Amino acid sequence: MSDASDDLQEQSELPEQMRIRRAKREALLESGAEPYPLGYPRTATLKEIRDKYPELPIDHATGDKVATTGRVMFVRNTGKLCFATLQDGDGTQLQIMLSLDRVGASALDEWKRLVDLGDQVGVTGEVISSKRGELSVLADAWAMTAKALRPLPVAHKPLSEETRVRQRYVDLIMRPLARDMVRTRATTIRSLRDSFHSRGYVEVETPMLQTLQGGASARPFVTHANALGTELFLRIAPELYLKRCVVGGIDRVFEINRNFRNEGIDSTHSPEFAMLEFYQAYADYDSMATLTREVIQEAAFSVYGSHVVTHADGTEFDLGGEWRSVTVFGSLSAALGEEVTVSTPYEQLIRYAEKHDLAVDPKWLPGKLAEELFEELVVPSLQAPTFVRDYPEETSPLVRAHRSDPGLVEKWDLYVRGFELGTGYSELVDPVIQRERFDAQAKLAQRGDSEAMPLDEDYLRALEYGLAPSGGVGVGIDRLLMAFTGLGIRETILFPLVRPE
RNA sequence: GGGGUGCUAGCUCAAUGGCAGAGCUGCGGACUUUUAAUCCGUAGGUUCAGGGUUCGAGUCCCUGGCGCCCCA
């Protein structure tokens, strides 16, 4: 049972500044004002006022009366004339002024007594420019619209990275870059949707809760369905469902949604991440590479007005033109200075691994070992956008065999700035071969590979009805934003997973 | 999994094993053209938690919590 003495106890343990702000809230109520009123009769946002008066002469009165609102970010109070800088959610700032002769002694006194940095206020008055030429609203009246009970962080010292992530709402108030990120992300996703809609694609939403993990090699999150009495997996990829869509005749299909992978957390990995996947009948990995480049370039253009994106640190990064294309074994051979192919013996690959201090897992098949060598020796050098093509068959159970090179599959990975941005296939559509690949995966799972895919009987049944020759692509949305902005994944995701405090 | 490193006032950070401090914020005062306002005064602490060593621990040791960096 919570009673008044408990509340008092809690209150007396609050930091001084929070006690004072609570007292100001009480004082507002006692004076007949609302600390949290229903609204404010706003006639113009800060941005609308700024847009309307881009250049006023110094010390000029417009005669234009407005009612506007914003969060108090700076205060400069003098005896009979007070200045404050208000900020809107879009980051627009505008100065307001309260003078004794306009608002009167009691309103000016209450302003100085009850308003703190971080409070949201409404101001009604005339648009003017100050004697220093600053566009301002000279108040006839002001009102609290939301009293802030917590002080803002210091405006001129950056918040710690952890606080920025844990309290993103504060980060959004304080840091333009955080606000820009949200809008860059929204613009990017809208552009991607537009790009696919304009090409006749249909957007679908496939299950997040799945009875089998499938579509990728990754460890899943496991949960439990009470009604079914079974385990469920949070999806690691939508791939197998999207291909079912193509079987059903949705010939161009895409989905933008979340995947969940129960793996490490670092500057390029989040357990929960946004994924774009798209599939097209009668396409292959070549045409899908072109399409992937186009939609990414269109997204870059929608954000930056150019195919040259500008990172947060100001450096420019060119995503324009055709993108470089190499093969896994060609680039690996170049890095090693010796010819390596999919038929290079395992023992030879081991020698290369030892020479380059690559730790080898004995469970790895030769194809996996070659891929690891590639990731170690080639990937860090892939800064400009590069399609890396033609992977070993044994690591890609959902991909069609290469049309001319035995042992390889028609798969590319897209690398930008040294990380993988997406992957594309000529899809494996033969149900008999697909069953063989699943069987091979099952053997891996028996050997303890927790990333191996289980056999998905229903997916095979779908293939047995006939999947048209198709191309498919997955692109990480968070990583695309990383490529655009040059920031880490925890900056591109609004609320990344963090340990409970 | 291994190694390193950090956690101190609302925020950002100091403090040889010896009185726990600064700037900003806050509070009180002055100021009708400021814009990170300025000036004067002042308050603010369970040093992440728990144990240990010591005359004495923010500091050294141990355990745990939460971060960050490097390696695998």
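For clarity, every value in this text was computed on a predicted model and none was experimentally measured. Below, chain A is the first sequence line, B the second, and so on; all start at residue 1.
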On a whole-Å scale, what distance lies between the [atom1] atoms belonging to [N] and [M]?
{"N": "B/G56", "M": "B/G18", "atom1": "P", "result": "14 Å"}
{"N": "B/G6", "M": "B/G10", "atom1": "P", "result": "23 Å"}
{"N": "B/U8", "M": "B/A20", "atom1": "C1'", "result": "8 Å"}
{"N": "B/C19", "M": "B/U12", "atom1": "P", "result": "26 Å"}
{"N": "B/G51", "M": "B/C40", "atom1": "C1'", "result": "48 Å"}
{"N": "B/U47", "M": "B/C31", "atom1": "C1'", "result": "39 Å"}
{"N": "B/C71", "M": "B/A9", "atom1": "P", "result": "32 Å"}
{"N": "B/G28", "M": "B/G44", "atom1": "P", "result": "15 Å"}

Name the nucleic acid region contacted by A/S130, choosing base, sugar-phosphate or nothing; use a 4.0 angstrom heavy-atom cut-off, strictly under. base
With heavy atoms under 4.0 Å as the rule, sort A/I20 into base, sugar-phosphate or nothing. sugar-phosphate
Who does [N] pair with, Watson-Crick or G-U, both distances under 3.5 Å?
{"N": "B/A22", "value": "B/U12"}
{"N": "B/G17", "value": "none"}
{"N": "B/G1", "value": "B/C71"}
{"N": "B/U47", "value": "none"}
{"N": "B/G6", "value": "B/C66"}
{"N": "B/G56", "value": "none"}
{"N": "B/U33", "value": "none"}

Contact nearer the 5' end of RNA chain B, comparing A/A155 with A/F74: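 The 5'-side residue here is A/A155.
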Of A/N77 and A/S129, whose nearest nucleotide on RNA chain B comes first from the 5' end? A/S129
Suppose we screen for salt bridge (charged side-chain N to carboxylate O under 4.0 Å, His left out). Which residues come up paired with A/R261, at least two apart in sequence or across chains? none
Please work out which residues in residues 87-98 of chain A have a non-hydrogen atom less than 4.0 Å from an atom of RNA chain B and list them by number.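 Residues of residues 87-98 of chain A that come under 4.0 Å of RNA chain B are, in numerical order, A/Q95, A/M97.
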From the set [options], return the single nucleotide nearest to any side-chain atom of [X].
{"X": "A/R166", "options": "B/G26, B/G67, B/U33", "answer": "B/G67"}
{"X": "A/R490", "options": "B/C68, B/U33, B/U25", "answer": "B/C68"}
{"X": "A/L100", "options": "B/C27, B/U32, B/U33", "answer": "B/U32"}

Chi angles and distances behind the salt bridge (charged side-chain N to carboxylate O under 4.0 Å, His left out) call for A/D101, A/K80: CA-CA 8 Å; A/D101 52 16; A/K80 301 183 181 63; over 6 Å; no
Produce a footprint string for nucleotides 4-13 of chain B: one letter per nucleotide, 5' end first; B if the base is under 4.0 Å from any protein heavy atom, S if only the sugar-phosphate is, - if neither. ------BBS-
